[in-house]
Amino acid sequence: MTMGYRWRRAALAVLVASAVTLPVVGAARPRTPAPPPVTLAPPTAATLDAAYTAHRADAEAAARMAADHGDRRRAAADRALAGPGRQLLAFDGRGPGRVTEVLGDLAHADRVAVLVPGSGTGIDTYGRFRATAEALHARLVREAPAGIRTAVVAWLGYETPGTVTAAVATTGRADRATPELRSLVDDLRTVSGPRAHVSLICHSYGSVVCARAAAGLVVDDIAVVGSPGTGVDTAAALRTRARIWAARGADDWVANVPHLSADLFGTTVGFGTDPVAPEFGARVFTAGDGGHGDYFAPGSPSLANLTRIVLGRTTAVTRD
């Protein structure tokens, strides 16, 4: 038995033990009250504006409840989401919160990018996630050929695992998110039309979500960045016709995550093959020297390449 194999077995044992024994941080914390989300029919191009208005009103109601509860941080976050011009396709202020926000003209978009966040993302930290969507949208607008319209959808549509909880090492949250992501893509296809080019851009644990949903998604590209793994050993195992892309910055700590997996009590602990490894089979593109939170930094190689992927300029993508 080699030292490398022993080390991998030991790492997997720690991962499994953590998934079984670690408490979920914050599970017992009281949650700020919020109204139940408004119930609307699936959106169409004709009903988008009405949906945006209804969800903004819901966010404003959640802000008032949070303020009455004394949670000023949540009240401020909700109030920002309720601001004029915010295009909320979905909003749920309960618990950590869920938000789907559109940047751009979704009803007429030729190219649509869906951003799927990783661990530790909720309404309280939504501003950081939205900033990534804004960075991508700004570059798409700047680089899209004449006559090509673009939209970016920031999809905080699932309860992300905490960064320091056992849930972040398993596929459980991703499995529960799968039908929600598939439903979103179906809605986007209805709104934008069947000819729209749809790309998923999945950061960190979000890549596990995209992988679990991939087989049921009608999308053109799936790009994973800063991924700890996808829960499968090869891109082919995702069972999708979408092009699969992967990148990791040179200073991203996720490179040190053991790329192992084991089935345990109905879920998978660990996420298997490294998506940027040759044996995985993804199209690996240049991400530069950035860290785990730098993939959407203005001027970065990763943002440039993600823009090219969304615009369908695949031959211009720089490869590692």
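Side chains are part of it too, since the values below use all heavy atoms of this structure and drop only hydrogens, waters and symmetry mates.
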Practice prompt. Kindly determine whether Leu156 and Thr100 satisfy side-chain contact (heavy atoms from CB on, under 4.5 Å), including the steps that lead there.
Written response: CA-CA 6 Å; Leu156 175 56; Thr100 302; over 6 Å; no
Worksheet item: Between Arg111 (side chain) and Thr150 (backbone), is there a donor-acceptor pair under 3.5 Å?
Response: no
Discussion item. Counting C-beta onward and ignoring hydrogens, is there a side-chain heavy-atom pair between Asp221 and His197 closer than 4.5 Å?
Written reply: yes
Worksheet entry | Leu303 vs Tyr295 side-chain heavy atoms within contact, under 4.5 Å | no
Worksheet item: To the nearest 0.5 Å, what is the distance between CD1 (Ile222) and CD1 (Ile309)?
Response: 11.5 Å
Worksheet item: Would you find more than 12 non-hydrogen atoms of other residues, nucleotides or ligands less than 6.0 Å from Asp289 atom CG?
Response: no
Item to complete: Specify the closest pair of heavy atoms between Tyr205 and Pro228, including all atoms of both residues, with the distance to one decimal.
Response: N-CD, 4.3 Å
Worksheet item: Is Val114 linked to Ile244 within one hydrophobic cluster, defined over Ile, Leu, Val, Met, Phe, Trp and Tyr using a side-chain heavy-atom separation of less than 4.5 Å?
Response: yes
Worksheet item: Does a donor on one side chain sit under 3.5 Å from an acceptor on the other, for Asp58 and His55?
Response: no
Practice prompt. Give a yes or no on whether the backbone of Glu180 and the side-chain of Ser183 come within a donor-acceptor separation of less than 3.5 Å.
Written response: no
Worksheet entry | Whether Arg98 side chain and Gly93 backbone form a donor-acceptor pair below 3.5 Å | no
Worksheet item: Would you say the side-chain atoms of Thr53 pair up with the backbone N or O of Asp49, donor to acceptor, closer than 3.5 Å?
Response: yes
Worksheet item: Sub-3.5 Å donor-acceptor pair from the side chain of Arg94 to the main-chain atoms of Pro36, do we have one?
Response: no
Response to the item:
Here the gap from Ser302 atom OG to Ile201 atom CD1, rounded to the nearest 0.5 Å, amounts to 10.0 Å
Fill in: Derivation and outcome, side-chain contact (heavy atoms from CB on, under 4.5 Å), residues Tyr158 and Leu181
CA-CA 8 Å; Tyr158 76 110; Leu181 181 54; over 6 Å; no
Item to complete: Please report the closest heavy-atom contact between Thr230 and Ser207, naming both atoms and the distance.
Response: CG2-O, 4.3 Å
Worksheet item: Is there side-chain contact between Val224 and Leu200, with at least one heavy-atom pair below 4.5 Å?
Response: no
Discussion item. Quick check for you: to the nearest 0.5 Å, what is the distance between Leu115 atom CG and Glu134 atom CD?
Written reply: 11.0 Å
Fill in: Gap between atom CZ of Arg173 and atom OG1 of Thr160 - 0.5 Å precision
7.0 Å
Worksheet item: Would Asn305 and Thr286 count as a side chain to side chain donor-acceptor pair (under 3.5 Å) if you check the C-alpha gap in whole Å, the side-chain angles of each, and the deciding distance to 0.1 Å?
Response: CA-CA 7 Å; Asn305 279 323; Thr286 305; 4.5 Å; no
Discussion item. Any side-chain to backbone donor/acceptor pair from Ser204 onto Gly206? Under 3.5 Å, distance only.
Written reply: no
Practice prompt. Assess whether side-chain contact (heavy atoms from CB on, under 4.5 Å) is satisfied between Leu306 and Phe285, documenting all intermediate values.
Written response: CA-CA 9 Å; Leu306 289 169; Phe285 61 93; 3.8 Å; yes
Worksheet item: Of the non-hydrogen atoms in Val218 and Arg189, which two are nearest, and what is the gap between them?
Response: O-NH2, 2.9 Å
Discussion item. Determine whether a donor-acceptor pair (N or O, by modelled atom type, separation under 3.5 Å) exists between the side chain of Asp294 and the backbone of Gly291.
Written reply: yes
Worksheet item: Do Leu188 and Val310 belong to the same hydrophobic cluster, where Ile, Leu, Val, Met, Phe, Trp and Tyr are linked whenever their side-chain heavy atoms lie under 4.5 Å apart, directly or via other members?
Response: no
Worksheet item: So if you build clusters from Ile, Leu, Val, Met, Phe, Trp, Tyr with side-chain heavy-atom gaps below 4.5 Å, do Phe296 and Tyr126 land together?
Response: yes
Worksheet item: So Leu140 and Leu311, side-chain contact (heavy atoms from CB on, under 4.5 Å) or not? Walk me through it.
Response: CA-CA 8 Å; Leu140 285 170; Leu311 292 176; 3.8 Å; yes
Discussion item. Nearest 0.5 angstrom please: Asp175 CG to Thr170 OG1, how far?
Written reply: 8.0 Å
Worksheet item: Does the side chain of Thr171 reach to within under 4.5 Å of the side chain of Arg212, using non-hydrogen atoms?
Response: yes
Discussion item. So does Ala154 get a backbone contact from the side chain of Arg130, meaning a donor-acceptor N/O pair under 3.5 Å?
Written reply: no
Discussion item. Quick check: do Leu48 and Leu106 have side-chain heavy atoms less than 4.5 Å from each other?
Written reply: yes
Worksheet entry | Gap between atom CH2 of Trp155 and atom CD of Glu101 - 0.5 Å precision | 15.5 Å
Worksheet item: Between Arg31 and Glu159, is there a side-chain N and carboxylate O pair less than 4.0 Å apart?
Response: yes
Discussion item. Minimum heavy-atom separation for Ala177 and Val209, please, with both atom names.
Written reply: CB-CG1, 3.8 Å
Practice prompt. In sequence, state the C-alpha distance, the side-chain angles, and the governing distance for Glu143 and Arg308, and then conclude on salt bridge (Lys or Arg N to Asp or Glu O under 4.0 Å).
Written response: CA-CA 9 Å; Glu143 296 192 10; Arg308 293 165 186 148; 5.3 Å; no
Worksheet entry | Check: Ala50 main-chain N/O paired with Thr47 side-chain donor or acceptor under 3.5 Å | no
Item to complete: Look at the side-chain heavy atoms of Ile, Leu, Val, Met, Phe, Trp and Tyr, link any pair under 4.5 Å apart, and say whether Val153 and Val225 land in one connected group.
Response: no
Worksheet, complete the sentence: Closest non-hydrogen contact found for Ala282 with Ala246 is CB-CB, 3.9 Å
Worksheet item: Can you name the nearest heavy-atom pair linking Leu238 to Ala211, along with the distance?
Response: CD2-CB, 3.6 Å
Discussion item. Tell me if a side-chain donor or acceptor on Thr125 pairs with a main-chain N or O of Gly122 at a distance below 3.5 Å.
Written reply: yes
Item to complete: Would you kindly say whether Arg149 and His108 are connected by a side-chain donor-acceptor distance under 3.5 Å?
Response: no
Discussion item. Within the 4.5 Å heavy-atom criterion, are His259 and Thr273 side-chain neighbours or not?
Written reply: no
Practice prompt. Examine the side chains of Asp220 and Ser199 and answer whether a donor and an acceptor come within less than 3.5 Å of each other.
Written response: no
Worksheet item: Would you say Leu184 and Leu89 make side-chain contact, with heavy atoms under 4.5 Å?
Response: yes
Fill in: Salt-bridge present (Asp274, Arg248; N to O < 4.0 Å)
yes
Worksheet item: Do Leu136 and Thr132 come within less than 4.5 Å of each other through their side chains, counting heavy atoms only?
Response: no
Item to complete: Verify the cluster assignment for Val232 and Val208: are they in a single hydrophobic cluster under the rule of side-chain heavy atoms below 4.5 Å apart?
Response: yes
Discussion item. Tell me every residue that passes ring-ring contact (aromatic ring centres under 6.0 Å, His included) with Phe280, counting only those two or more places apart in sequence or in another chain.
Written reply: none
Worksheet entry | Arg74 bridged to Asp124 by N-O distance under 4.0 Å | yes
Discussion item. Suppose the criterion is ring-ring contact (aromatic ring centres under 6.0 Å, His included): which pairs have a residue in residues 223-257, not counting sequence neighbours?
Written reply: Trp253-His292
